[in-house]
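To start, the structure under review is shown below, and the notes come after it.
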Amino acid sequence: MNERRPLIAGNWKMNGLSKEGTALAQGLANKVREVAELPADAASEVSPLVSVALPCDLLICPPFTLIDRAVAAVVGTPIAVGGQDCHPQASGAHTGDVAPEMLKDLGCGFVIVGHSERRADHLETDATVKAKAEAALRAGLTAIVCVGETEAERDAGQTEAVVTRQVKGSLPSGATPGNFVVAYEPVWAIGTGRTPTPDEAQAVHARIRVELTNLMGSAAQGVRLLYGGSVKPSNAKELMEQPDIDGALVGGASLKVADFWGIVQSYGG
Ligand code: PGA
């Protein structure tokens with residue numbers, strides 16, 4: 001047993017207009033209210049006891065356009081809301097970008113940085129990801145830094161080398177277990193229905209923790225390492241049981257309350 005409280009995070013990606021996004025956040029909030037026996041009109045202050053009634057921490061990361069609505073829908077529950085990306089600067093001439101301070105201002109507690117889709121679509125390097133993660137910490141957000149190898153890298157036996165390089169290159173200075181999370185997401189497993197075996201995933205997570213220990217000392221023991229890539233209710237339990245897998249970053253299965261909740265239940269909730 002370790003003292004890391006698991007985190008199940010939903011990455012909605014570029015999905016949802018106001019109607020379905022609001023319904024999804026509300027549906028999840030209702031589930032939590034049911035389990036934690038909260039009244040439907042619970043006040044905005046969340047008692048720590050309510051979080052304890054759940055088997056893990058919960059986070060949803062809607063597209064920017066839905067963050068305001070999602071925050072309103074989960075008020076009074078321990079569900080946290082996060083962004084999917086942020087700019088390294090706090091403000092300025094960066095058309096189309098969103099600063100982490102803006103996410104914080106909307107009520108976010110987290111932001112995902114360096115997702116492989118952003119590394120691929122927007123040519124983000126480890127240095128860019130590091131700058132974004134540091135900006136997240138500056139704004140008082142927890143940064144979820146994503147790493148993961150491509151299929152070609154896996155086939156070439158480079159998984160650990162690639163992931164280690166990414167962790168080293170994107171670790172924000174000032175990272176602590178409270179403001180920093182790593183998500184290991186093999187690129188070939190994202191949205192494909194394929195996953196590494198639990199043992200394979202555990203081996204990469206253990207490698208990441210060794211690298212974090214080299215970089216940040218014993219604090220690395222407290223950092224949560226999420227697995228992401230085709231997590232669903234049917235495979236979550238065996239992955240989440242691994243000693244260095246402290247939760248999941250869920251894409252497709254986070255778009256349905258029942259699926260997302262099925263994954264939460266892999267922790268016995
Ligand atoms: P997936 O996506 O669960 O749809 O595979 C995970 C992610 O990209 O975060």
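Computed over heavy atoms, backbone and side chain alike; hydrogens, waters and symmetry mates excluded. As the structure lists them, so they are numbered: ligands from 1, and atoms in each ligand from 1.
Close N/O approach between I190 and ligand 1 is not found [any backbone or side-chain N/O within under 3.5 Å]. For a threshold of 3.5 Å applied to N or O pairs, the pair formed by G191 and ligand 1 contains at least one separation below that value.
Checking K132, R119, H115 one by one against E124, the side-chain hydrogen bond (donor to acceptor under 3.5 Å, both in side chains) holds for a single residue, K132.
Residue-ligand proximity: K232 is placed with every non-hydrogen atom at 4.0 Å or more from ligand 1. Contact between G229 and ligand 1 is present, with at least one heavy atom of the residue lying under 4.0 Å from the ligand.
When all heavy atoms of Y227 and A189 are compared, the pair lying nearest together is OH-CB, 3.6 Å.
Those atoms of ligand 1 that come under 4.0 Å of a heavy atom in H115, given as number and element, are 7 (C), 8 (O), 9 (O). For ligand 1 and S230, the ligand atoms under 4.0 Å from any heavy atom of the residue are 1 (P), 3 (O), 5 (O). Distances below 4.0 Å separate heavy atoms of N11 from the following atoms of ligand 1: 9 (O). Per-residue contacts place G252 under 4.0 angstrom from the following atoms of ligand 1 (heavy atoms of the residue considered): 1 (P), 3 (O), 4 (O). Here is the list of ligand 1 atoms found below 4.0 Å of a heavy atom in E185: 6 (C), 7 (C), 8 (O), 9 (O).
Ranking the protein heavy atoms by distance from atom 2 (O) of ligand 1 puts K13 NZ, 3.3 Å first. The protein heavy atom nearest to atom 3 (O) of ligand 1 is G251 N, 2.8 Å.
Note on residues 182-200: pairs passing salt bridge (charged side-chain N to carboxylate O under 4.0 Å, His left out), not counting sequence neighbours, are E151-R194, R154-E200.
For D126 and Q166, the side-chain atoms include no donor-acceptor pair closer than 3.5 Å.
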